2 protein chains.
Amino acid sequence: MDLDTVRTFLAAADAGQFQEAAADLAVTQQAVSKRIAALERDLGVRLFTRTPRGAELTIDGQAFLPHARELLRVAERAAASVRAGRRPLRVDMIASRSAASGLMRGFHRAHPEIDLDVVMLIDIGEAVAAIRSGTIDASFRAVAMPGRPLPEDIASVRVLDEPLELLVGPAHALAGARSVTVAQLAGHRIWMPGLLPGTEWAAYYADLVAEFGLTIEATGPNFGSDALLDTIADTPALATFMGGRTRLVWPAGHGLRRVPVTDPTPVYPHSLLWRRDDPHPALATLRAHLAAAAPGHGAAGTWAPDWTIER
Amino acid sequence: MDLDTVRTFLAAADAGQFQEAAADLAVTQQAVSKRIAALERDLGVRLFTRTPRGAELTIDGQAFLPHARELLRVAERAAASVRAGRRPLRVDMIASRSAASGLMRGFHRAHPEIDLDVVMLIDIGEAVAAIRSGTIDASFRAVAMPGRPLPEDIASVRVLDEPLELLVGPAHALAGARSVTVAQLAGHRIWMPGLLPGTEWAAYYADLVAEFGLTIEATGPNFGSDALLDTIADTPALATFMGGRTRLVWPAGHGLRRVPVTDPTPVYPHSLLWRRDDPHPALATLRAHLAAAAPGHGAAGTWAPDWTIER
DNA sequence: CCCGACCACAACGGCTGGTTGTATCCGTAG
DNA sequence: CTACGGATACAACCAGCCGTTGTGGTCGGG
């Protein structure tokens, strides 16, 4: 199936005859006839009943019609998603399973008319560069980095603290615990593959380690969360951190447990970053939505690195 | 933009390199390179950053990715809509603005996982033929016709009475009325273009005319409801009937009024028809939904032709 | 430092797809 | 009854696209 063919189908369905459709598409009637015939052969059904006075849709053609329109609509959206100019609001977040994802889902529910595109960049450095260049419009990140403040033209506001929870397999020593203190984590092996040196999230965990004397192993590449969960589930001595707001679709039969961490609860601080002079109209809408809808942050009994606290 | 190209884009994005994608698609690496280059030229942006170790998505590529997946999903659905075998439930109704449309929207809300296709056939004769042949699975119609009972293998159940309302322009004599009796309609010109002789809905209005001595003009072809509404709005002496359950999106500035009809209220009786041995699993779901959710019918003070009353 | 892995560019050839030309069908006017 | 107009389908031809083969360039690892 080819989009040009689908366009031809729609033109013929709207016109009620091939000849007029051909004129609309600036091709000959024979070309339209051939395209429709090819589409019918492709789909295995007859889409039009040909009469000497035109062509009208069969039942199959009627059934196909709305799908064809939808197809072109989606294609138009796809093209618009990368067109320079008034394109969908483009937002970066640290991971598709982070709390920022939930915020954006809520935003989409509240404003379904706003087209969104979500991307995931490496770290806040790349995000800031992309924001300044206008490639993306906003980013959910832990702001700044130790010793590297945000540039003047980038604004930020803290929107959400994501409490970390421990993720363990069924055979882990803490599998039955209702909660665990940070102090109790000392001595346990915590595995976080894919922790990239130089990123703000690596700095976050480095601070966490330094503050509470934990052991975090960042060895090995990240083969995706499925592989990580598999390993965690099967290895009694291994645990990992995960955002407590994550609505995880558990792979069946893993028997994974999540254990809240307390005294204090480490929270990953998500801020929204944007360029002060980004003219995208939906950006203001997003900021207003987050100001109204975002849960609190900086609650008592939580911990986050100094450098993430905004001025 | 071409669907094969989009497929190639997805394969390359998933594989992280052109060569492996080429192997998956059973073409050469050079073909993949060319397709991607063509897509990039088409969209006007770079989708991949090429490295000697593969190709990874740019920000634009990431933004395009979900749209590309959606595009193929929609294409797959479009093809499935006409595939013989386990295809979407195909339902016929008399008009997209009839009460049946509201019922189907409710069904879709209750069962969003069930794929639906709606078609609009000429009359119950064609609908019954289509149901018997398996081209469609169900039909919302006023059952039977005078002297032409349903065949044995077709089942039907009355699901909804749609009360008729009078639709008039702002200058019509009845524009200010809160309601009108059927007797009061005698002498008023009621215009219903496109009333096709031999159809069950033409028979319905013929009975209505005979029973209460109305004047219904069926002259002229139906140029669509927009043209009808335009004329009704502009012509003080003209009115038309419309289903009272219709949630019409009024063309702005028409000043159209709808006036309920009483003593008795003519109702258009929608029944669901289906073939007793249609094996489509969603058909049973639809019947159960309608049995539970459909409003009543046959209420006191309403009128419908004899021949629409089911045994 | 060379080799391996990967991508891009160039030249060639088959086949898809559009155009022109023609046959056929049907409703209508004369 | 016939001729005509308007519509679609089929056949032949031709161009341009797309995929293949062959080759060069670049980067990282052994």
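Lettering follows sequence order; numbering is per chain, from 1. A quick note: this is a predicted structure, and the numbers were derived from the prediction, not measured.
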Self-check item: From dT19(C), dA8(C), dC6(C), nucleotide with atom closest to Arg50(B) side chain
Solution: dA8(C)
Exercise. Compare side-chain N and O positions of Ser33(B) against OP1 and OP2 of dA8(C) and report whether any pair is under 4.0 Å apart.
Key: yes
Quiz prompt | Contact list for residues 18-54 of chain A, test ring-ring contact (aromatic ring centres under 6.0 Å, His included), sequence neighbours left out | solution = Phe9(A)-Phe48(A), Phe18(A)-Phe48(A)
Quiz prompt | Under-3.5 Å donor-acceptor pair between Gln30(A) side chain and dA11(D) base | solution = no
Exercise. When you get a sec, tell me which of dA9(D), dC6(C), dA8(C) is the closest nucleotide to the side chain of Phe18(A)?
Key: dA9(D)
Quiz item: Which residue, Gly54(B) or Thr28(A), contacts DNA chain C at a nucleotide closer to its 5' end, judged by nearest heavy atom?
Solution: Gly54(B)
Quiz prompt | Exceeds 12 heavy-atom contacts within 6.0 angstrom, atom CD of Glu40(A) | solution = yes
Practice problem: Select base, sugar-phosphate, or nothing to describe what Gln17(A) touches, counting heavy atoms under 4.0 Å on all strands. | Solution: sugar-phosphate
Quiz item: Crowded around Arg87(A) CZ? As in, over 12 foreign heavy atoms under 6.0 Å?
Solution: yes
Self-check item: d(CG, Asp2(B); P, dT16(C)) in whole Å
Solution: 14 Å
Quiz prompt | Per Lys34(A) side chain, nearest of listed nucleotides dC7(C), dA12(D), dT20(D) | solution = dA12(D)
Quiz item: Listed by chain and number, what are the salt bridge (charged side-chain N to carboxylate O under 4.0 Å, His left out) partners of Asp24(B), not counting sequence neighbours?
Solution: none
Exercise. Would you tell me if any nitrogen or oxygen in the side chain of Arg35(A) comes within less than 4.0 Å of OP1 or OP2 on dG18(C)?
Key: yes
Quiz item: Whole-Å distance between dT8(D) P and Glu40(A) CD?
Solution: 13 Å
Quiz item: Any donor-acceptor pair under 3.5 Å between the side chain of Gln29(A) and the base of dA9(D)?
Solution: yes
Quiz item: Which listed nucleotide (dC26(C), dC6(C), dA8(C)) is nearest to the side chain of Pro52(A)?
Solution: dC26(C)
